[in-house]
Amino acid sequence: MKIAFLQMDCHFGKVDENLTTAGALLPGISADLVVLPELFHCGYYFSSALEAAEFAESVPDGRTTQFLIEWAAKKQCHIVAGVAERYKDSLFNSAVLVGPSGFISVYRKIHLFNEEKTWFSPGEIPFFVVDIGSARLGMMICFDWFFPESVRSLALLGADIICHPANLVLPFCQKAMITRCLENRVFAVTANRIGMDERPHGRLTFTGCSQIISPFGEILAAAGKDEESICSIDVNVEQARSKKLTRHNDLFADRRPQYYFGGDRGRD
Ligand code: ACM
C-alpha cells in the first residue's frame, strides 16, 4: 500500500487559493492514501468563533469535502484532510475521510489547543477506526498527539495507520510521534502545514517537517520545514498487526490496565 502526505502553505481566509494549491499538488501524488493538513482550506489563526463560523462548512455537503471527494474519485484513492466543520449549532475542528466511492467519515478533534477552545467545540465522538480494505485507519488532529491516549485508543481499536492532519506550532510532535508509533506498533502520517498566519491579533508560524513513521519508529519519509512537498512511500500494513516485541513480550497483551489511572478512574 502506498501512503502519502501533502505539505502545503495555507493562506488565511483564501479558500479558493488553498483549494487551488492542493489541486495543483494532488496530481503529482501516486498513492492509495493521502493525508492533508489540518484546516487546509481556510488557514488556522481565527480571531473569534464568529470568524471561524464564516469558514466552517457542513460535512459532507460543503465545498471542501466535495472537492476532496472529486479528487479521491479522480485518483482512486483515500484522502484524509482537516476541515472547519459546522454541525447543527456547533463548530468543530474536523478531519474527513473520503474514498473513491465518496464520503466515509468525519473525526472531530477531541483535544483543542489554546485559542481553539474559543473557536470550536471539542469533539464528542470517541476515537474510531475505519477499515478501508487495504488498511484500518484512525484519525487524530494535531494537538491530539500530546495525549498518548489518542494513538493508544486508535491502536487498541485496531488501527494500522494513524492519519494525522496538523498545523503544528510547537517543536515537539515530530520526535514524539516516533515513540507513539513504537509503543503502539502503528504507522503514522503527520501532514503539517508550512508558512505563517499573520493576523491583526498576532502571528503563528507553522513548523512543516511532515513525516511518515513506521511501527518500528523509523522515519520513512520527512519533508523540510518550509517547502511545499508531497511524498509517498510503499508500506507493508501487516507490520502494524503483530504487537509482539520479544519472545516474551506483546505490547498489548502485556498491558496491566488494572494498575493504570486515567480514563474511567479519572483524577479522583
Ligand atoms: C494544533 O493543535 N493545531 C497546535
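Just so it is clear, the model here is predicted, and its values are computed rather than measured. Order of listing sets the numbers, starting from 1, for every ligand and every atom in it. Positions are given from 1, in the same order as the sequence printed here. What you see below is based on every heavy atom in this structure, not just the backbone, and it leaves out hydrogens, waters and symmetry mates.
Under a 4.0 Å criterion applied to the non-hydrogen atoms of E38, ligand 1 contributes the atoms 1 (C), 3 (N).
Side-chain N/O atoms of D9 and T21 include no donor and acceptor closer than 3.5 Å.
Each of E115, R199, E198 was scored for a side-chain hydrogen bond (donor to acceptor under 3.5 Å, both in side chains) with Y45, with one residue passing: E115.
Of all protein heavy atoms, the one lying nearest to atom 2 (O) of ligand 1 is K109 NZ, 2.7 Å. Ranking the protein heavy atoms by distance from atom 1 (C) of ligand 1 puts C142 SG, 3.0 Å first.
The proximity of F143 to ligand 1, defined as any non-hydrogen pair under 4.0 Å, involves the side chain as well as the backbone.
Heavy-atom separations between E116 and ligand 1 include at least one value shorter than 4.0 Å.
The backbone N or O of C10 lies less than 3.5 Å from a partner atom in the side chain of R193, making a donor-acceptor pair.
By the 4.0 Å N-to-carboxylate-O rule, R63 lies close enough to D16 to be salt-bridged with it. At a threshold of 4.0 Å, the pair K109-D144 does not count as salt-bridged, since none of the basic side-chain nitrogens sits closer than that to a carboxylate oxygen.
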